[in-house]
Amino acid sequence: MKRTKINQLITENIEHPEVTVKGWVRTRRDSKGGFSFLEINDGSCLKNIQVVIDHSVESFIKFSGNLHTGSSVAISGALVRSQGKEQGVEIQAKELTVYGGADPESFPLQKKHHSFEFLREIAHLRPRTNTFGAVMRVRNRLAFGIHKFFNDKGFVYLHTPIITAGDCEGAGELFQVTTLDLDNIPHIDGKIDYKQDFFGDKTGLTVSGQLQGETYAMALSEIYTFGPTFRAENSHTSRHLSEFWMVEPEMAFYDLDDDMDLAEEFIKFLFHDALSHCADDLEFFDKRIHPGLLDNHRLICDAPFERVDYSKAIELLEKSNAKFTYAPEWGCNLQAEHEHYLSETVFKRPVMVYNYPEKIKPFYMKANEDGKTVRAMDVLLPKLGEIIGGSQREDDYDILLKRMSDKGIDEKEYQWYLDLRRFGSAPHSGFGLGFERLVQFITGMENIRDVIPFPRTPKNAKF
RNA sequence: UCCGGCGUGGCGCAAUGGUAGCGCAUGCGACUGUUAAUCGCAGGGUUACUGGUUCGAGUCCAGUCGCCGGAGCCA
């Protein structure tokens, strides 16, 4: 008999004379009344399906000793109204198969709460918990939503390279990629001879696909990248990973206002899409992980985002009576506490801060006429903080060249990038969104290591 | 990289420098259309590692490793 997913049976909530489910046993409760209750989960939804199996069923007698929390099973029987209060329907089992048992003495997952720190040590088994099942279903929906949003708008999904040459993109430390014999590194003139390396050049894992993305935006008009990104920073916080996924749209003929319009529409779409397609999972997060989560999400869906000039934002912070650990000062980056104050106390809604000082932003952002600021923007969400950083890109060859030399960047490495300004240059803009931070924000999970299947952090590449 | 906290049965935690305990889980038994079921009994430990102080160290000191949080940096 063909297997039906548990999600479908519970959602339809109607009786069937004969169904088959396959999944993993979450709990088993024996009754001396001559039958047992099993809770089966197959990952299709948060809920388990309850199975009632009589101890006289032949296959139960055969498999009973091997039927514990963690075992994988197939169960056939009638789907009927449940006598219990916790579920609408349940299966009266006629037949049971145990594919693989799980020794209760050594199976690490118990019918109780586990700390996320402990679950990280068994990252290969944690998807069998409620929380991680829910996180990965939401993560999947968000990934799908990203593709849907851009595809519906006619953006081209662009695959930018994972291995890149050059080491001064300015977006964090590179992981080096080499096939040189580390016990016998070739030197020339006292320096490592990268001519002998695999690519004939010093190479590393990408820290951003933006610059390559710009080249295709200058041909296909609107593109986006969505792929893995690597930073060899020795940062040990709940918001950083050494390997993470990034979404980077890049649009020709967009100015900074167009960029902000798109970012706002994008965020609202993703939150709305997750709310409507992952309702059960998000309700679980609201109840168990982060109370108030859903109210916050609805606010983000409904309220228009506030837009405030950086200089005005500094003024607002200086005027405020709030006590900050770091005093706000024009020319400095906004601290996390400043960002929270703006979105939560001043505006009480998502905020986009734009026109940042030139000194604290990278070379590729377009200079304003004031000579002091660039057309950069950050999207700040209440309670959640910064989720997007973007800018209009500098499209003037001479200005870009000057900014590169001011920041000590070797123009020879970026000749191809400068060429975009020599041949048919056009105004263009883009932004970047850290995918795991988005998943973190939407699920309310506190630690970024718990929203990616196998987190890579300093000193940890297990699994 | 810097600052701070932590490391004790499978898991979560306790123990004034003086016999390493408790809850959950596990095993066995009782009871029950149960819902993280409940009740009783039992088994389970080189207190992260190395060295030091002390009559005596889970506890104090030094170092190492790991985990967690924050800063910086960023997404």
Side-chain angles (χ1 to χ4, degrees), chain A residues 26-39 47-54 65 68-70 80-87 90 92 102-122 125 129-130 169-173 206-210 225-248 288 325-326 332-337 360-362 378-380 384-390 431-441 446-452 455 457-460 462:
Chain A
R26 283 292 177 82
T27 70
R28 168 180 173 176
R29 295 181 292 273
D30 291 335
S31 167
K32 278 295 177 309
F35 49 92
S36 293
F37 297 98
L38 303 173
E39 301 255 358
K47 292 193 179 93
N48 307 321
I49 194 150
Q50 174 163 289
V51 173
V52 185
I53 186 160
D54 202 274
H68 298 102
T69 299
V80 298
R81 288 272 139 237
S82 176
Q83 298 172 34
K85 290 175 194 157
E86 307 286 322
Q87 58 279 321
E90 67 188 18
Q92 286 285 350
D103 175 22
E105 294 273 9
S106 50
F107 185 60
L109 292 173
Q110 301 167 1
K111 292 183 280 183
K112 67 165 209 172
H113 174 79
H114 288 100
S115 70
F116 291 134
E117 287 86 354
F118 170 65
L119 292 173
R120 262 169 239 150
E121 293 169 14
I122 48 166
L125 295 173
T129 63
N130 287 334
E169 282 181 50
E173 293 292 313
T206 182
V207 294
S208 163
Q210 180 200 313
T225 71
F226 183 15
T229 307
F230 309 87
R231 306 267 168 99
E233 297 284 355
N234 194 11
S235 46
H236 220 213
T237 82
S238 58
R239 304 177 313 281
H240 291 86
L241 292 166
S242 309
E243 177 182 297
F244 63 99
W245 287 61
M246 194 150 62
V247 182
E248 294 176 292
R288 296 291 186 85
T325 310
Y326 294 89
C332 294
N333 245 319
L334 294 179
Q335 298 286 325
E337 55 178 346
I360 57 172
K361 290 293 181 186
D378 284 348
V379 180
L380 315 176
L384 307 175
E386 180 183 336
I387 192 170
I388 278 179
F431 60 79
L433 174 143
F435 183 55
E436 282 74 19
R437 286 193 181 168
L438 174 72
V439 182
Q440 214 182 343
F441 294 163
E446 279 188 8
N447 197 308
I448 200 163
R449 302 170 181 107
D450 298 328
V451 298
I452 187 166
T457 51
K459 299 271 184 289
N460 181 17
K462 266 178 258 162

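Just so we're on the same page: letters track the sequence lines, and every chain starts at 1. All of these numbers come straight from a predicted model, not from anything done at the bench.
Summarising the geometry, the separation between CD on E117(A) and C1' on rG5(B) is reported as 13 Å, rounded to the nearest angstrom.
For the C1' atoms, the distance from rC60(B) to rU1(B) is 30 Å, rounded to whole Å. Distance noted for atom P between rG44(B) and rA37(B): 26 Å (whole Å). Comparing the P positions of rA14(B) and rU59(B) gives a spacing of 16 Å, expressed to the nearest Å. Between the C1' atoms of rG18(B) and rU54(B), the separation comes to 12 Å (whole Å). For the P atoms, the distance from rA42(B) to rU47(B) is 24 Å, rounded to whole Å. Using P as the reference atom, rC6(B) and rU26(B) are 32 Å apart when rounded to the nearest Å.
The only option from V439(A), T457(A), L241(A) that meets the side-chain contact (heavy atoms from CB on, under 4.5 Å) definition with I448(A) turns out to be L241(A).
Side chain to side chain, R26(A) and N130(A) meet the donor-acceptor criterion of an N or O pair below 3.5 Å. S242(A) and E233(A) are not linked by any side-chain donor-acceptor pair at a separation below 3.5 angstrom, with hydrogens and angles left out of the test.
On a pure distance criterion of 3.5 Å, no polar donor-acceptor pair joins the side chain of H114(A) and the base of rC11(B).
Contact check, R239(A) against rA71(B): a side-chain N or O comes under 4.0 Å of OP1 or OP2.
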Could you write nucleotides 23-36 of chain B as a row of B, S and -, 5' to 3', where a protein heavy atom under 4.0 Å of any base atom gives B, of only sugar-phosphate atoms gives S, and otherwise -?
BBSSS---BBBBB-
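When heavy atoms are screened at a 4.0 angstrom cut-off, F118(A) is found touching the sugar-phosphate backbone but no base atom. Within the 4.0 angstrom heavy-atom criterion, no nucleotide atom of any strand lies near R28(A).
Scanning both residues, S36(A) and D30(A), for their nearest heavy atoms gives OG-OD1, 2.5 Å.
Using a 4.0 Å cut-off between charged side-chain N and carboxylate O, R29(A) and E39(A) make a salt bridge.
Formation of a donor-acceptor pair under 3.5 Å by the Q440(A) side chain with backbone atoms of S238(A) is found in this model.
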How does RNA chain B look in dot-bracket form if you count Watson-Crick and G-U pairs under 3.5 Å, write [ ] for pairs that cross, and put | where a base pairs with another strand?
(((((((..((((....[..)))).(((((.......))))).....(((((..]....))))))))))))....
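Between F226(A) and F435(A), the ring center distance clears the sub-6.0 Å criterion.
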